[in-house]
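Okay, so here's the structure we're looking at.
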Amino acid sequence: MKKNAWGILSLMLFAALLLATLPALARPHFGGGSFGRSGSFGGGFHSFGGGSSFGHSSFGHSSGGFHFGGGSSFGHSGSFGRSGSFGSGSSQSSSFGHSGSFGSSGFGGRSTGAYGRSGSFGRSGSFGRSSGYTHSTSTYYIGGRSYPAHYYGGWGDYSYYWGTPAWYYYTPFHPAFYYYPPVMGQGGVYYPGGINWFHLLLSGVLFMAVLAVLAKAFSSKGRVRYRNY
Amino acid sequence: MNQVVFKTEGDWDSTTLTCNGRDWPAAQMLVQIEAGRDEYGSPARGGVRDGGQMSAVVRSQDNPDQEQAIFPGTLQMNFPGHEVVVENVHPNFDFEFTRVLYNQRDVTEQIVDLTVNIDAVNNEVQAVITLYRPHWLGADEVATITIL
């Protein structure tokens, strides 16, 4: 019996790992720079100034955006690295761009910084992010064209994954499965599509059925319980 | 075809046996069904479909040494809180044509054992039914229900 229980536990663990890894693999579609493109080190997928390594702004969201709640995304006041690197976690100034140090391009809103940019380690959305709500306007690529799009942070931004869907977005193992494709609003700006409740329900039923079959297969095959009434 | 009805409320005074509507003064009624087993003799799903054997006899008070067959026909047994119906109307009393109902539920394909022994001479009563209950989740169950 213990052996069967371990079997079920292993399967559940495997399923959990699958759920955890697939989204992580998919995340590089948005934003990010070279190092640990967004998502690699726990970042959200709309990193501002998602820079590359030395002074080049790479692809992603290079347009100006704004954060609520003051993460450690921009406004670096230190020379090397962020000002929050050594014990000054809450001293992020709210200026756009990098205020000094290496690699800062000096162009107002463009994050072309190198060292200490917000996209390296510990940028907004990495460990210990203090902001609960983030809104940004960025670029959404679909059909080879780019459109302005609103990103609100959180799971809802998975809606934008449907711009270039991969096959596994159609499976319940990927978060994009639970969101509708983005919709175009006024002025040609895209908004997240919202939760696909039908898919959510469907996958719930599916997972329950799979779990039931697995439990049946691993817990009772060849076993009979005797009871007296 | 016999229509045999056995009724009891749990004591000898309330116990009756009738055959085709007439009293059947009996010293003993013995019903034994054995079914629902795999090739190793262990309980398995399938019930009567797996094959088996059955005996159902009554020894009358007039001549206790002679066994009288109940089947082919229908045997209805009413116990306090339980009802068992065994039916086999096949002329040759082929086992595969046996139907078993327990509390109005067809358990033909779940029956493993049924033993009913009402022995007035030796003052012995026993009624036990064993059913194989397959479950979707968890292990299958072999339920032994003591009726009397």
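Because only heavy atoms are used, hydrogens play no part in the values below, and waters and symmetry mates are left out as well, while side chains stay in. Each chain gets a letter, A, B and so on, in the order the sequences are listed, and its residues count up from 1.
Comment: B:Asp106 engages B:Arg99 in a salt bridge, judged by a side-chain N to carboxylate O separation of less than 4.0 angstrom.
Among residues 141-148 of chain B, the residues having any heavy atom closer than 4.5 Å to a heavy atom of chain A are, in sequence order, B:Glu141, B:Val142, B:Ala143, B:Thr144, B:Ile145, B:Thr146.
For A:Tyr180 and A:Trp197, the ring centers sit 6.0 Å or farther from each other.
For the side chain to side chain contact (heavy atoms under 4.5 Å, CB included) test, residues two or more places apart in sequence or in another chain that qualify with B:Arg105 are B:Val107, B:Gln110, B:Leu131, B:Arg133. Residues forming a side chain to side chain contact (heavy atoms under 4.5 Å, CB included) with B:Asp65 (at least two apart in sequence, or on another chain): B:Asn63.
Residue pairs satisfying the ring pair (Phe, Tyr, Trp, His ring centres under 6.0 Å) criterion with at least one member in residues 39-60 of chain B, sequence neighbours excluded, are absent.
A:Tyr147 and A:Tyr190 have perpendicular rings, their planes meeting at more than 60° on a 0 to 90° scale where under 30° would count as parallel.
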